[in-house]
Protein chains: 2
Amino acid sequence: MARPALTEDEISDFRERLCEVATRRFVEFGDAGVSLRGLALELGCSPTTPYRYFRDKDEILAAVRARAFDRLAHFAAPFAGPDGDPLSQLEALGFAYLRFAREEPHAYRMAFELSQPEASAYPELLQSRQKAWQMIYRAVRRAVVAGALAGDANVVSHLFWAGMHGLAALHLGGQLESLPIEKLQKPMVRALLRGALPSVGPTTGDTPDA
Amino acid sequence: MARPALTEDEISDFRERLCEVATRRFVEFGDAGVSLRGLALELGCSPTTPYRYFRDKDEILAAVRARAFDRLAHFAAPFAGPDGDPLSQLEALGFAYLRFAREEPHAYRMAFELSQPEASAYPELLQSRQKAWQMIYRAVRRAVVAGALAGDANVVSHLFWAGMHGLAALHLGGQLESLPIEKLQKPMVRALLRGALPSVGPTTGDTPDA
DNA sequence: GTAAAAAATTGACAGTGTTCATTCAATGCG
DNA sequence: CGCATTGAATGAACACTGTCAATTTTTTAC
């Protein structure tokens, strides 16, 4: 004899719609656009309505970030597949990663720069990040098991990710003025891959000369 | 017949003191600690007094960031000198860069993560960043002119910086869980340097096989 | 139609950056 | 010394923000 609670679908629908609006407003107005009142204005609801669907604003940001990671994973997926020469595929994946950062800078910034000290408290976010991360890891591991790269796949893939992210972060931070990222991405990918070529030597440097 | 205006020294003294307090409060309380009212509490002045010494809070953040870059430059300076083997020095510089990010994470985060869309509007900030950047550039260029590295010094130094920053950013962002940064820094430095060794080939890859 | 329960809204609170009118303080002159 | 003048510092206020509590609206079953 009472009003029924919200369906699981209704909840996820509202959350999805709010995340889309938040993303668009982030692109248009920056950080200032994702205020609860700003979102409510565009959603046509009260500023406190989202509190029934999210615990607080941090959970909203985590959901938005998770969707940004999802798009990154989706963007990189075609180049992480099991077909083609492993090294060429890995190189293409690096280019795709940086193309995503260039073409969807807002998504990349939301994924990596939205300040969230306690990001590990949101399983959805961790899972989406893991999904994006595995695009890189699988491609690297495939090259390793195929003998095209040497060293620990976990180490090499982390190096690969860090190199790509370093370029993307400096680019998006406007710190690459004298040299555009287009001139740096190929040398970076090549350097990181060459550093793990089996003919050159293992990546876990144990040559005692430091 | 009037009160004399503030001395240049008085102005810079107050600015310096405010920046120190802001830095300490950022370390202790995070972003929430650098509010105007929080700073005023510790400075023993009114929340609006800083407005005579800074245009707005963005200018305060720019000054804080500039001092963080200064510390990074000071930290890396001993390894960018003209003495010693160029490659060993460059490697040591890379380690020093990452040690700074590890030992002074707050300074590094302030330098690179404090959200400032219009950072290029603050000459002091640009100059301090340039100072830190030149620690890297000079070390790389020295290795290039000595014949220890090949390729354009500008390209190689940007790659070096991006690689270091990528590791530092992922580390500080808590994204390196399965693998600590200590196990990654040496492979990263070696990979980047090996990618520019003259015996291996030029860094600007022009081998047409992609 | 009415009772009950869930959803949504309104109003308020403490906090933020910032502006402006006001007060305080320090100086040179008579 | 007293005082006018001028810069420095302040307090009050405004428009925001995220968030909670009380209230109102909506939707169902009897």
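Quick note on labels: first sequence line is chain A, next is B, and so on, each numbered from 1. The shown structure was predicted, so the numbers you read here are calculated from the model rather than taken from an experiment.
- For the pair A:Tyr108 and A:His165, the minimum side-chain heavy-atom distance is below 4.5 Å.
- Judged by distance alone, with hydrogens and angles left aside, the side-chain atoms of A:Asp58 form no donor-acceptor pair with the main-chain N or O of A:Leu61 at under 3.5 Å.
- In this structure, B:Asp56 places its CG atom 8 Å from P of C:dT19, rounding to the nearest Å.
- Atom-to-atom, NZ of B:Lys57 to P of C:dT19 comes out at 14 Å; the value is rounded to the nearest Å.
- Proximity of A:Val34 to A:Lys57: side-chain heavy atoms (C-beta onward) are separated by under 4.5 Å at one or more points.
- Atom-to-atom, CG of B:Leu43 to P of D:dA9 comes out at 12 Å; the value is rounded to the nearest Å.
- If you check residues 4-28 of chain A against DNA chain D, the residues with a heavy atom closer than 4.0 Å are A:Pro4, listed by number.
- Here the two rings, on A:Phe160 and A:Tyr137, have centers that are 6.0 Å apart or farther.
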Under 3.5 Å, which protein N or O atoms sit close to an N or O of nucleotides 22-25 of chain D? Give each pair with its distance.
none

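- One finds a salt bridge joining A:Arg24 and A:Glu42 here, because a Lys/Arg side-chain nitrogen approaches an Asp/Glu carboxylate oxygen to under 4.0 Å.
- Taking every heavy atom of residues 30-39 of chain B and every atom of DNA chain D, pairs under 4.0 Å involve B:Arg37, by number.
- Here B:Glu124 pairs with B:Arg67 in a salt bridge; the nearest charged N to carboxylate O distance falls below 4.0 Å.
- Between B:Phe26 and B:Val64 there is no side-chain heavy-atom pair separated by less than 4.5 Å.
- In this structure, B:Gln127 places its CD atom where only 12 or fewer heavy-atom neighbours from other residues, nucleotides or ligands lie under 6.0 Å away.
- Salt bridge status for B:Arg25 with B:Glu20: absent, with no side-chain N to carboxylate O gap under 4.0 Å.
- In this structure, B:Phe14 has its ring center at least 6.0 angstrom away from the ring center of B:Phe54.
- Between the CZ atom of B:Phe29 and the C1' atom of C:dT16 there is a distance of 17 Å, given to the nearest Å.
- B:Ile60 places its CD1 atom 12 Å from the C1' atom of C:dT18, with the value rounded to the nearest Å.
- Between A:Arg102 and A:Ile181, some side-chain heavy-atom pair lies under the 4.5 Å cut-off.
- Direction change of the helix axis from one end of the helix from C:dG1-D:dC30 to C:dG30-D:dC1 to the other is 30°, with five pairs defining each end axis (rounded to 10°).
- For the salt bridge (Lys or Arg N to Asp or Glu O under 4.0 Å) test, residues two or more places apart in sequence or in another chain that qualify with A:Lys131 are A:Asp70.
- Under a 4.0 Å N-O distance rule, the pair A:Glu59/A:Arg15 qualifies as a salt bridge.
- A heavy atom lying under 4.0 Å from DNA chain C marks the following residues of residues 45-53 of chain B, by number: B:Thr48, B:Tyr51.
- When side chains are defined from C-beta on, A:Arg99 counts as touching A:Phe75, because their heavy atoms get closer than 4.5 Å.
- The side-chain heavy atoms of A:Phe100 and A:Arg71, taken from C-beta on, include a pair separated by under 4.5 Å.
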